[in-house]
Structure formats: C-alpha cells, structure tokens
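These values consider heavy atoms only, across backbone and side chains, with no hydrogens, waters or symmetry-generated copies. Residue numbers start from 1 in every chain, and the chains themselves are labelled A, B, ... in the order their sequence lines are given, proteins ahead of strands.
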Amino acid sequence: MAIADVKEYTHLTAEEVEQLGAELDALRTEIEESRNSKDADYIYKMIRLQRGLATAARITLGVSAYHRRTRLPGAVVGGAMLGVAKILENMEIGHNVMHGQWDWMNDPEVHSSNWEWDTAQPAEQWKHSHNYVHHQFTNVLGYDNDIGYGILRMAREQKWHPVNLGQPLYNAALATLFQWGVALHDLDLEAIRKGEKDPKVMKKQLKQIWQKGRRQAVKDYVVYPALSGPHFMTTVYANAAANVTRNLWSYVIIFCGHFPDGAMHFTEEQIEDETRPEWYLRQMLGSANFEGSEMLHVLSGNLGYQVEHHLFPDLPSNRYGEISVRVRQLCEKYKLPYTTGPLHQQYGQALRTIIKLSLPNRFTSGDREDVMEGQMEVARGRKSAEELGSRRPETGKYAAAAS
Amino acid sequence: MIGTTGLDERPRDPELGGPVPYVCEDDDGRGSLRVLSKKRVIQCALSRICAVCGETLDHPLVLLGTREELDRMEFHVPPVHEACGEAVSAAVVGAPFGVLGQDGPVERWVLVSTGGFEHERPQRFDPDRRPRFRPNKLLSTREV
Ligand SMILES: [Zn+2]
C-alpha cells in the first residue's frame, strides 16, 4: 500500500493533492515573510518571564526554609513556581528554539545551535531523536521511536507480546520519570539489546547523558538545596516536586500529539517516494491537536497545534494559532479529517489506547476495521542508520553514484 | 551523534586529499567528496549538526556552495562550521570534476554566513529532486 492509498484521502485526485501542497506552501511563505519584531518580542518576553519565575522560585525556596512558619508555604509556592518555570523552559522555549524557530532573529543565545535546556537529555541528542527521527518519520511504524517511546504498544499493527500486559504500569512510570526516559531516548535501547548499536557512538552518547544528567541532579538536589542550609531536604522535596510536575505535564502534552483516536500510523512502504504534498498529508493525518485557552497553549509550547507544528516545524510557535485557522479551512475544503478536542478527551483516548493495547487485538475492538494484528507485524524499536539508508533510496543520482 | 569526533577524525578523500564530510559518505563507510548522501543531508539539516564533522553547529551558520546557488539562494550542502567549510572548500576549489553533488566542475565557490535557514523539500515535478537550504538571515558572503 502506498501512502496515496491511505483511505482518508483517496477521494483526492493527484492534482488536488498537488493543489493542497501548493496552498500549504503559500501559507508557509506568507508566515516566513511576515516574521517581525513582534514575534521576537514574544519570545524575549517569554524568556524573561521564565527566568523571573525560576529566580523567584529559587529565592523563595532558599529563604523561606529558614523560618518555621514560612517553610511549608514557601516550599509549596516555590516548588509550584519552579515547576511552571521548567514547563515554560522545556515546552515553549527549549523545544521550539532547538527546532530553529527563532534562528532567523540571529541571536546567538536564542539559537538552535546553542540552546541547552533544563532537562536531563542533552540538546544534541534531542535534536537527533526529535527533530530528525520523529519529525522526518512521523508515525511510521518501525522508524518513529516516539510511538510508545519504545516501551508501549501504541498501534494495533504492532505485534502483541505478554510483556505488554504491564503497559498501564510502564505508562505510569514513564510519565513520572519522563525526563529520564527522554534522556535515554536517543540511545535506542532496542538497538543496544539487539547488538546493533555502534559502540563508539554509544560511548559518546552515554558520556554526554551522564554529564548532563549529573549537572541537572547536582543543580536541583545539591547546589540550590544547599542555599537552604539546615533545611536542605525541604528544598530537595520541592525541587523534586517541580521536576515531577514538569515530567507529568510534558508527558501528557506529548502523548496528546499523536495517540488520540484519529491520528494515523503508517508503514515504511507508504513513505517510499513520498512527495512534498504527501509529506504534508502524512504530517496532518498523523498528528492530533487539542483545544484550550491561550495560557494552556503557551504552557504546552503551542503543541496543542500539533498538526501545524508538524506541517511547519520551523515556524515560530506564537504563529501556530493563526496558522491553524487556515489549515482547518483547507481540511474542510479538501474533506480531510482534522483531529482535535479538549485536552482531557485527547489524553483520555491516548490512555484508553495504552490500556486496550496491553491486550492482544482479539480481545479489543479497533477504531479501524482494516487493521488486523499480525497482518502487518512491525518490530519494536527504530531502524538503524544503515536500514534507514537502504530503505529510503530517493537519493537520486548522487546516491546511485556513491554506491 | 556520529562515530567520528571533529574534523581531524574524518577520513581523507583519496582524490582531493581533504576531509570527507559526513554528508558525502554512505552508511557502509564509503565516501567521496564527489557525492552527497540525501539521507545524511536531511539528517544533518534537521538534527542541526555540521554537514562535515557531524558535531553540533555553532552561530552563525555557514553554507558552502557555488556562486549560482547563492544567486538562487538555494544551497545543497546543509550548514557547516566555518572551519569545516574552509577545510572542505580548500580541497574542492579547482577540482576538475563535479564535487559535493555538483554535475560538473565549479568555477566559483562561496562561503556565506547566516542566522538561520529554511529547508526546502523537493516537489514532484522539480528537475532537481534534492533537498535545498535557503539562508533566511544572510550576514556575509565571500568567495573562496
Ligand atoms: Zn564541523
């Protein structure tokens, strides 16, 4: 089955697919050409707000710990402010800066090359596992390791294994320890298990993860708590609460991006010889939005506009709201599904999938009748660099010349 | 993250002597300054690593290309470090055959610096089916 056979858009002629692509290209050009100082003001305001919150949180935690009456309220307020600061830094600032959304400003500090975020995963490894593997191979089974993060069975096409019975538990652990799960994400544990990982790369990656993880741990569990003197542990607990809050929140937002009902999975055959409009279609059909207030969108890094983010990963996040109006109109015009709903509904659907797919397909019903377990058995984990290369031969005459 | 570290660990091109960029190599390790691997071109551009040494880029970004590519504002080699761009350009200038994915010998090479770039995926009817990179904050241009 080619991607052009995906039933959600078989009603479109080849010309209509091209036309849709041209309309999306025009939308992208329009936003690129209208990026201006107002957009820059937005991200600088967000960075100031985030740094103000983080500083206020650290001071509150440090100072309030010395007085018996302020210790507990200080820990609660300081921990909450720190949690929000970490959420803003990871979601609206770090994730988007590392995509290069703000590189056009030419500010060396707010630049995809230089940003290092407040979480355990090294920026360099995130830019590989997320910007490249996830965004290039979005929702392609066997390629995109974000499908269940290599731990959870999230598509009916994936082969069931008795280990999957524990999915609800693994899911809870993943959510709570999300930053550490993400930290190991680019290592590709499945490749290590199969003995396919380049030992040189693995050693370099492990060293980088160790250094970054240690820096994060020392910062939150040694240096800042030391400011609270004898009440060191109060600040340790508050910082741990802030980290767990950020973990749970980013996990929920990320799981709402591709796992609610309606977000489709693809197979490797479907992406061979994919054209730009087909790439757009795969990004649209594989992603899911959620609705909510402007504050909700800021706190989720504008990933409630997941469809728009996947169409245009490098456009500034503050513009996704206006882009979504136009994308939705295009979906209506071309009679394409546009998956969205309230956050609780979208997460509820993702959670239901996690629980349902802990069982073999024969015990549960699917939202798509055309998928049978084992019909397309897809191995867990992601393809090695070599496999990705040989599977994607559209390298034109230059790749041919190299071989 | 790639297996080699820095410019010095890159293999040498047997014909031109310069370092073989990460984007000029296949996954089986065979590489030549003559060719570009489309898969690696996309990998470098999206994961924002240097197309030559494979390490995280710095600011500003540098694009190595031909005068014609600059005129069209469409480069085929994704961004590199300045030092990496200089090392590769030193090897390819004057090459009597096509290098870095070019069809034939190139008369004028340029190194440009930019704040950012746009990634252009090829269209169905493009005669050139390779990804291209368009500087979106051109800072400087020089011939090499
Ligand atoms: Zn380099």
Notebook entry, point to check: Side-chain contact, heavy-atom cut-off 4.5 Å: B:Leu46 with A:Gln136?
Noted result: yes
Check: Quick one: do B:Arg134 and A:Glu32 make a salt bridge, cutoff under 4.0 Å?
Finding: yes
Next item on the list: To the nearest 0.5 Å, tell me how far A:Tyr132 OH sits from B:Arg40 CZ.
Entry: 9.5 Å
Next item on the list: Could you tell me whether the side chain of B:Gln43 reaches within less than 4.5 Å of the side chain of A:His128, counting heavy atoms only?
Entry: yes
Margin query: Determine whether a donor-acceptor pair (N or O, by modelled atom type, separation under 3.5 Å) exists between the side chain of B:Arg124 and the backbone of A:Glu18.
Written below: no
Next item on the list: Check whether any side-chain heavy atom of A:His130 lies under 4.5 Å from a side-chain heavy atom of B:Ser47, and answer yes or no.
Entry: no
Checklist line | Between B:Thr56, B:Thr114, B:Val41, B:Asp126, the one whose heavy-atom pairs under 4.5 Å with chain A are most numerous | finding: B:Thr56
Check: Looking at A:His135, A:His99, A:Arg28, which makes the most heavy-atom pairs under 4.5 Å with chain B?
Finding: A:Arg28
Note to self: Nearest 0.5 angstrom please: B:Thr5 OG1 to A:Lys200 NZ, how far?
What the structure shows: 6.5 Å
Next item on the list: Report the distance from atom CG of B:Leu61 to atom CG of A:Asp103, rounding to the nearest 0.5 Å.
Entry: 6.0 Å
Next item on the list: Using heavy atoms and a sub-4.5 Å threshold, report which of residues 73-85 of chain B line up against chain A, by residue number.
Entry: none
Check: CE of B:Met1 to CG of A:Asp198: how many Å apart, nearest 0.5 Å?
Finding: 11.5 Å
Item checked: Contact class of A:Met98 relative to chain B, heavy atoms under 4.5 angstrom -> backbone
Check: With a 4.0 Å cut-off, would you call A:Arg35 and B:Glu118 a salt bridge?
Finding: yes
Checklist line | N/O donor-acceptor pair under 3.5 Å between A:His111 side chain and B:His59 backbone | finding: no
Margin query: A side-chain contact here means heavy atoms from C-beta on lying under 4.5 Å apart; do A:Asn106 and B:Leu139 qualify?
Written below: yes
Checklist line | Reported CZ-to-CZ distance for the pair A:Arg276 and B:Arg129, which is rounded to 0.5 angstrom | finding: 11.0 Å
Notebook entry, point to check: To the nearest 0.5 Å, how far apart are CG in B:Leu57 and NZ in A:Lys127?
Noted result: 7.5 Å
Check: Counting only N and O atoms by type, is there a donor-acceptor contact under 3.5 Å from the side chain of A:Lys204 to the main-chain atoms of B:Thr4?
Finding: yes
